Amino acid sequence: MTAKVAYESVEVGTELPAQSFRVTRATLVQYAGASGDFNPIHWNEKFAREVGLPDVIAHGMFTMAEAIRVVTDWVGDPGAVVEYGVRFTKPVVVPNDEDGALIEVGAKVAALLDDKQVRVDLTAMNEGKKVLGMSRAVVRLG
């Protein structure tokens, strides 16, 4: 695959299409099975509360993976992501109901770099609170 976005077609401030990602308890169980991360804070409400959390929380790496989908969907090639990093600022609390939680992600081009690369800054929110800080990706465009 190659990036479907041309370097020449973007500028600082270019906004990527925002997306929302629903996460339910079933999603967390599926992710735990795929990742091997069976920490009970991600599936056992009693345990999560005993360790001081308000309820079961989404895996940080799951939240991070959902957020970068905004970039990979925009560029059309997951392999175009050269670097990606975040700071986990707030957990995504996932209630035990059919709605679960919603992660809302926006992104924009923050810098034009050498070698047809751009830095994209992402904003990931849940219930009006930022759940990822310093969320940045470097992407090689076409």
Side-chain angles (χ1 to χ4, degrees), residues 1-45 47-49 51-142:
M1 297 179 94
T2 58
K4 68 180 182 182
V5 177
Y7 181 81
E8 297 77 18
S9 70
V10 300
E11 58 188 36
V12 172
T14 298
E15 291 193 26
L16 284 60
Q19 293 187 51
S20 297
F21 304 99
R22 179 114 1 236
V23 54
T24 64
R25 296 280 178 97
T27 310
L28 297 181
V29 171
Q30 291 167 339
Y31 182 80
S35 68
D37 182 351
F38 293 101
N39 187 324
I41 63 172
H42 303 303
W43 58 270
N44 185 316
E45 187 174 321
F47 182 84
R49 291 183 189 275
V51 299
L53 295 168
D55 206 335
V56 165
I57 63 170
H59 302 73
M61 296 302 284
F62 173 82
T63 304
M64 187 178 175
E66 290 291 83
I68 197 65
R69 287 175 55 190
V70 168
V71 176
T72 58
D73 287 354
W74 171 69
V75 77
D77 179 8
V81 176
V82 177
E83 294 177 27
Y84 178 44
V86 306
R87 288 192 181 144
F88 301 106
T89 57
K90 298 249 187 257
V92 175
V93 178
V94 182
N96 191 16
D97 60 23
E98 60 279 347
D99 293 330
L102 190 65
I103 302 167
E104 299 171 288
V105 183
K108 67 179 176 179
V109 174
L112 301 177
L113 308 172
D114 294 333
D115 197 25
K116 293 189 175 187
Q117 295 181 45
V118 297
R119 189 187 89 217
V120 176
D121 291 353
L122 296 93
T123 304
M125 308 286 287
N126 170 248
E127 295 188 350
K129 296 178 184 161
K130 199 181 240 189
V131 296
L132 299 176
M134 298 296 292
S135 184
R136 296 178 173 173
V138 174
V139 183
R140 180 168 288 111
L141 302 180

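In this text the structure is predicted, and so the values were computed from the model without any measurement. Side chains are part of it too, since the values below use all heavy atoms of this structure and drop only hydrogens, waters and symmetry mates.
Sorted by first and then second residue, the ring pair (Phe, Tyr, Trp, His ring centres under 6.0 Å) pairs involving residues 112-142 (not counting sequence neighbours) form an empty list. Identified under the salt bridge (charged side-chain N to carboxylate O under 4.0 Å, His left out) test for residues 75-91, with sequence neighbours left out: none. Counting only residues at least two apart or in different chains, side chain to side chain donor-acceptor pair (under 3.5 Å) contacts with residues 31-40 are absent.
Not a single salt bridge (Lys or Arg N to Asp or Glu O under 4.0 Å) links Asp97 to another residue, sequence neighbours left out. Annotation: salt bridge (Lys or Arg N to Asp or Glu O under 4.0 Å) contacts of Asp121 (sequence neighbours excluded): Arg119, Arg136. Partners of Thr72 under the side chain to side chain donor-acceptor pair (under 3.5 Å) rule, at least two apart in sequence or in another chain, do not exist in this structure. Partners of Met125 by side chain to side chain contact (heavy atoms under 4.5 Å, CB included), not counting sequence neighbours, listed by chain and number: Thr123, Lys130. For His42, the ring-ring contact (aromatic ring centres under 6.0 Å, His included) partners are His59, not counting sequence neighbours. Judged as a salt bridge (Lys or Arg N to Asp or Glu O under 4.0 Å), and not counting sequence neighbours, the contacts of Asp55 are Arg25, Arg49.
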Side chains of residues 8-21: which donor-acceptor partners sit under 3.5 Å, not counting sequence neighbours?
from, atom 1, to, atom 2, distance (Å)
Ser9, OG, Ala6, O, 2.6
Thr14, OG1, Glu11, N, 3.0
Thr14, OG1, Glu11, O, 2.8
Gln19, NE2, Asp73, OD2, 3.0

Side-chain donor-acceptor pairs of residues 107-118 under 3.5 Å, sequence neighbours excluded:
from, atom 1, to, atom 2, distance (Å)
Asp115, OD2, Arg140, NE, 3.4
Asp115, OD2, Arg140, NH2, 3.0

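Ile41 CD1 to Leu28 CG: the interatomic distance, rounded to the nearest 0.5 Å, is 10.5 Å. A distance of 9.5 Å separates CD of Glu127 from CD of Glu104, quoted to the nearest 0.5 Å.
Using a 4.5 Å heavy-atom threshold, the side chains of Leu122 and Leu132 count as separate.
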